[in-house]
Student: 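If you scroll down you'll find the structure; I have some questions about it.
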Amino acid sequence: MTDAPNRPLLRAMIVDDHPLFCDALAMTLKVLAGLQAVETAGTLEEAVRRLDAGSRPDLVVLDLNLPDVDGLDGLVRLRLAVPEVPVLVVSSMADPRIMRAALRAGAVGFVPKHAPRDTYRAALEAVCAGRIFLPDGVEPEGEPSRSEEAIARLGLLTRQQARILQLICEGKLNKQIAFDLGIAETTVKAHVTAIMRKLGVLSRTQAVLMAKEARFSAMVPEG
C-alpha cells in the first residue's frame, strides 16, 4: 500500500456466496491492506440488511454473480443503500464490457476473481488513493449500451429518489406517493424534478422507460 493513503481501509465487507473464496479473500485483504476486520455476506439481501442495521465498512467487495441478483442489480442496490462506501467488484464475469459497465454503475474498480495477488494489491492501492482501478489492458472508455447508460444514470439517485421512481413506475401520482412515504407533496415534486434532471429526461414517462430499460424495480431496497 502507499505510505499515506487518502482513504484508510480498516473494515471491509465481502459479498459472495462461496464461503471458501470469502475466507481466502478475507485473508488476502488483511495481508495486503492491513484490514482489522472483514465480514462476509452470502447474498445481496443479507449485505443490505447489515448495512441498514448500521454496519459501515470502509470498502465493500462485491461478486456480481449472487443468488438473489442479476448482473449489475446488486451493485446499483448497494450504491443506493450506502453511496458513501466504495464498492470494488471482484467477479469471474471478466468481460471488459462488463468491467466498464460496473464503473458506470458506480464501482470504484473491477478485479477478475482469480487474478494474481499483485492485481489485488494494485486495486487496493488505487481505492486508498481515490483512483478508479481496472486490470492492465482494459481501457476505461467504451461505448455504453442503452441498458448500461440507464443503469449508470439510475445509480446517481439517492435512496429516497429511487423509492419515489419505483412508485412512479407503479403508476402512482405525487399525492399518492406523498401519502405512502409520509412526506409533503411539495417534497415529492422536488424529488421528481431532481430525478428527471439526474436521468436526463423531460417527463415522467421517459423516466419510467429508462427504469424499465434497466429492470430498475428489482434494484430498489425495501423501506
Student: Please find the pair of heavy atoms, one from A184 and one from A178, that lie closest to each other, and give the distance.
Tutor: C-CB, 4.0 Å
Student: Would you call R56-E84 a salt bridge at under 4.0 Å N-O?
Tutor: yes
Student: Got a sec, which residues hit side-chain hydrogen bond (donor to acceptor under 3.5 Å, both in side chains) with S91, two or more places apart in sequence or on another chain?
Tutor: D63
Student: Does E46 use its side chain to pair, donor to acceptor, with the backbone of G42 at less than 3.5 Å?
Tutor: yes
Student: Counting only N and O atoms by type, is there a donor-acceptor contact under 3.5 Å from the side chain of D17 to the main-chain atoms of L66?
Tutor: no
Student: Establish whether L10 and L25 are linked, either directly or via other cluster members, by ILVMFWY side-chain heavy-atom contacts under 4.5 Å.
Tutor: no
Student: Are any of the side-chain heavy atoms of P57 and L51 separated by less than 4.5 Å?
Tutor: yes
Student: I need the minimum non-hydrogen distance between A102 and L72, along with the two atoms involved.
Tutor: CA-CD2, 3.9 Å
Student: Decide yes or no for L181 and I164: does some side-chain heavy atom of the first lie under 4.5 Å from some side-chain heavy atom of the second?
Tutor: yes
Student: Can you list every side chain to side chain donor-acceptor pair (under 3.5 Å) pair that touches residues 184-198, not counting sequence neighbours?
Tutor: Q161-K198
Student: To the nearest 0.5 Å, what is the distance between OG1 (T28) and CG (L124)?
Tutor: 9.5 Å
Student: Does any part of the side chain of V192, heavy atoms only, come nearer than 4.5 Å to the side chain of R204, both counted from C-beta?
Tutor: yes
Student: Would you compute the distance between atom CD of E39 and atom OG of S55 and round it to the nearest 0.5 angstrom?
Tutor: 3.5 Å
Student: Would D68 and R77 pass as an ion pair if we require N to O under 4.0 Å?
Tutor: no
Student: If you measure from the Lys or Arg side-chain nitrogens to the Asp or Glu carboxylate oxygens, is any gap between R121 and D118 under 4.0 Å?
Tutor: yes
Student: Say whether, by atom type as modelled, one donor and one acceptor occur between the side chain of R79 and the main chain of L154 under 3.5 angstrom.
Tutor: no
Student: Would you mind reporting whether E170 and Q176 have side-chain heavy atoms less than 4.5 Å apart?
Tutor: no
Student: Rounded at 0.5 Å granularity, tell me how far CG in N174 sits from CZ in F179.
Tutor: 15.5 Å
Student: Check P67 against T43 and note the closest heavy-atom contact, atom names and distance.
Tutor: CG-CG2, 4.0 Å
Student: Show the nearest heavy-atom pair for residues L199 and M210, with the distance to one decimal.
Tutor: O-CE, 3.4 Å
Student: Do M99 and P112 come within less than 4.5 Å of each other through their side chains, counting heavy atoms only?
Tutor: yes
Student: Can you tell me how far apart CG (L32) and CG (L9) are? Round to the nearest 0.5 Å.
Tutor: 11.0 Å
Student: If you apply the rule side chain to side chain contact (heavy atoms under 4.5 Å, CB included), what do you find for L35 with R11, and how did you get there?
Tutor: CA-CA 6 Å; L35 289 167; R11 303 172 305 278; 5.8 Å; no
Student: Would a 4.5 Å heavy-atom cut-off, applied to side chains only, mark V82 and V87 as touching?
Tutor: no
Student: Between K113 and D16, is there a side-chain heavy-atom distance shorter than 4.5 Å?
Tutor: yes
Student: Yes or no on side chain to side chain contact (heavy atoms under 4.5 Å, CB included) for L75 and L62, after CA distance, side-chain angles and deciding distance?
Tutor: CA-CA 7 Å; L75 174 58; L62 174 69; 3.9 Å; yes
Student: Would F133 and V108 satisfy side chain to side chain contact (heavy atoms under 4.5 Å, CB included), going step by step from the backbone distance to the final call?
Tutor: CA-CA 7 Å; F133 179 83; V108 296; over 6 Å; no
Student: Apply the side-chain contact (heavy atoms from CB on, under 4.5 Å) test between Q160 and each candidate in I195, I183, L165, V188; give the one that qualifies.
Tutor: I183
Student: Could you walk me through whether R159 and D52 pass salt bridge (charged side-chain N to carboxylate O under 4.0 Å, His left out), step by step?
Tutor: CA-CA 12 Å; R159 191 168 185 175; D52 283 344; 2.7 Å; yes
Student: Only counting residues at least two apart or in another chain, list the ones meeting side-chain contact (heavy atoms from CB on, under 4.5 Å) with A26.
Tutor: I14, V38
Student: Indicate yes or no: at least one non-hydrogen side-chain atom of L78 is less than 4.5 angstrom from one of L44.
Tutor: yes
Student: For the pair M13 and V15, evaluate side chain to side chain contact (heavy atoms under 4.5 Å, CB included) and give the outcome as yes or no after the intermediate values.
Tutor: CA-CA 6 Å; M13 174 186 290; V15 188; 4.1 Å; yes
Student: Working to the nearest 0.5 Å, report the span between CZ of F110 and CD1 of I98.
Tutor: 6.5 Å
Student: Measuring from atom CG of N65 to atom OG of S92, what distance do you get when rounded to the nearest 0.5 angstrom?
Tutor: 6.0 Å
Student: Do V89 and I132 share a hydrophobic cluster (ILVMFWY, side-chain heavy atoms under 4.5 Å, transitive)?
Tutor: yes
